[in-house]
Amino acid sequence: MFSLKSYNTYHIESFAKHVYFPQSLDEIIEIYKRHTKVIILGNGSNIILTQSMYDDVAFIVIKDQFKKITHVSDGVYAEAGVLLKELSLYAYDHSLSGVETFFDVPASIGGAMIMNTGAYGDEIYDHVRYVDVLDRESFTQQRIDKANIDYGYRYSMFKTRPVIILGACFDLSAKPQIEIKDKMDNILSQRQAKLPPEPSAGSVFKRPNYHITVGEMVEKIGLKGFQIGGAQISPKHGGVIINTGNATGQQILQLVEHIKQEVLMHYQVQLELEQILV
Ligand SMILES: NC(=O)C1=CN([C@@H]2O[C@H](COP(=O)(O)OP(=O)(O)OC[C@H]3O[C@@H](n4cnc5c(N)ncnc54)[C@H](OP(=O)(O)O)[C@@H]3O)[C@@H](O)[C@H]2O)C=CC1
Ligand SMILES: C=C(O[C@H]1[C@H](O)[C@@H](CO)O[C@H](OP(=O)(O)OP(=O)(O)OC[C@H]2O[C@@H](n3ccc(=O)[nH]c3=O)[C@H](O)[C@@H]2O)[C@@H]1NC(C)=O)C(=O)O
């Protein structure tokens, strides 16, 4: 059994029988042929591992491989395992602007393309030219131009399609490094001021169509700091659940349900999970 603790940002201690670190596309295809249930782990920053043991699920860890970043004729191309931080630093090194807003978002390019990473008024698809995918059923590769990609708030059409993200090309523009660095510093300080330092997976719920945020509702109800086992609503940010040490996925899930019930009762707002239950 293999521990997934370092492959999910909640640091939940779950074990899996089948964990793969493929080095090539052919190896990925082999895994899909061998297993009926496969989960791709990018940076594991948007998942809740709800089981302590996985016997029948195969996990593919992407972030240690597929890490090439290259200049191409129409932009900068990053493979699925590249982290947003790595792409942002590469762009900064080359005085290229466009992705610096996402400097501190703990996601892989694959996860970012699936979810349309957003932060501080910017969305990653604003800077994408095309995305390369592998169809998980026919095992054919396809390049999809942004014009043909349906995306929105925390959504892309890839979320509901049987595809693996292989990489994406970004449209970046020249800018003095000092300006890029100023923006990175500014965003970093805003995030450090708001988000908790403990292990978490960022916002638990999507922003509801309501005049105040989840964090504010949770704060006004008086739920900040509420804890079930090792899972706690962050005393710093009411929209985030943290692992205080030995949280299980089930405890996080119980806390999720508790927040949903309380918010429904106090505000008649039905919260929708942003995080993915595995
Ligand atoms: N704004 C913020 O501050 C934060 C934002 N986030 C967001 O959460 C997301 C997390 O990214 P990341 O940690 O990399 O993702 P995860 O490892 O959390 O994976 C989440 C899901 O995305 C799918 N996925 C991941 N990589 C690929 C790929 N290459 N091809 C196909 N599917 C893939 C998998 O779906 P399947 O189960 O179908 O295999 C997986 O279950 C990002 O969009 C990020 O923006 C997270 C934390 C903070
Ligand atoms: C962290 C994530 O993304 C974040 C993203 O970083 C930030 C900044 O753009 O805006 C969203 O959070 P958010 O709506 O909680 O925004 P924040 O800027 O953290 O908070 C908004 C406001 O809520 C209030 N607030 C927040 C937390 C709290 O405990 N109490 C409170 O009153 C504050 O006034 C704050 O100014 C994204 N979340 C979603 C679900 O859209 C993520 O997706 O994981």
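All ligand and atom numbering here is 1-based and tracks the order in the structure.
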Applying a heavy-atom cut-off of 4.0 Å, say which part of Arg191 lies close to ligand 1: side chain, backbone, both or neither.
side chain

Just by distance, no angles: are the side chains of Thr101 and Lys183 close enough, under 3.5 Å, to form a donor-acceptor pair?
yes

Heavy atom under 4.0 Å from ligand 1: found in Val105's side chain, backbone, both, or neither?
side chain

For ligand 2, does Glu219 get within less than 4.0 Å through its side chain, its backbone, both, or neither, judged by non-hydrogen atoms?
side chain

Centres of the Tyr90 and Phe170 rings: under 6.0 Å?
no

Measuring from the heavy atoms of Arg154, does anything fall under 4.0 Å of ligand 2?
yes

Looking only at heavy atoms, is any part of Ser45 under 4.0 Å from ligand 1, and if so is it the side chain, the backbone, or both, or is it neither?
both

Between Tyr20 and His35, does the ring centroid distance fall short of 6.0 Å?
yes

Lys68 NZ/CZ over Tyr77 ring centroid, <6.0 Å and within 45° of normal:
no

Going by heavy atoms, is Ala119 under 4.0 Å from ligand 2?
yes

Nearest non-hydrogen protein atom to atom 1 (C) of ligand 2, with distance, is Ser203 OG, 3.3 Å

Taking atom types as modelled and ignoring hydrogens, do the side chains of Tyr10 and Gln275 form a donor-acceptor contact shorter than 3.5 angstrom?
yes

Just distances here: any N/O of Glu274 and N/O of ligand 1 closer than 3.5 Å?
no

Determine, using heavy atoms of Asn116 and all atoms of ligand 1, whether some pair is separated by less than 4.0 Å.
no

Using a 3.5 Å cut-off on N or O atoms only, is Ala119 in polar contact with ligand 1?
no

In this structure, are over 12 heavy atoms from other groups packed under 6.0 Å from Asp64 atom CG?
yes

Quick test: of every protein heavy atom, which one is nearest to atom 39 (O) of ligand 1, and how far off is it to 0.1 Å?
Ile40 N, 2.9 Å

Please confirm whether Ile62 approaches ligand 1 to less than 4.0 Å, judged on its heavy atoms.
no

Which of these, Gln192, Gln190, Arg191, sits in a side-chain hydrogen bond (donor to acceptor under 3.5 Å, both in side chains) with Asp104?
Arg191

Mind checking whether Phe205 contacts ligand 2 via backbone (N, CA, C, O), side chain (CB onward), both or neither, at a 4.0 Å heavy-atom cut-off?
backbone

Could you see which bit of Ile39 sits under 4.0 Å from ligand 1, with heavy atoms only: side chain, backbone, both or neither?
both

Could you pull out, from Gln275, Lys194, Met115, Glu216, the option with a heavy atom nearest to atom 34 (O) of ligand 2?
Glu216

Quick one about Thr244 and Glu198 (side-chain donor to acceptor, distance below 3.5 Å, no hydrogens or angles considered), yes or no?
no

Is there at least one protein heavy-atom neighbour under 4.0 Å from atom 7 (C) of ligand 2?
no

Which residue from Arg191, Met217, Arg207, Gln190 reaches closest to atom 10 (O) of ligand 2 through any of its heavy atoms?
Arg207

Decide whether Asp122 and His127 meet the rule of one side-chain donor and one side-chain acceptor closer than 3.5 Å.
yes

Using a 4.0 Å heavy-atom cut-off, say whether Ile109 meets ligand 1 through its side chain, its backbone, both or neither.
neither

One thing to verify: whether Glu79 and Lys67 come together as a salt bridge, which I'm taking to mean a side-chain N less than 4.0 angstrom from a carboxylate O.
no

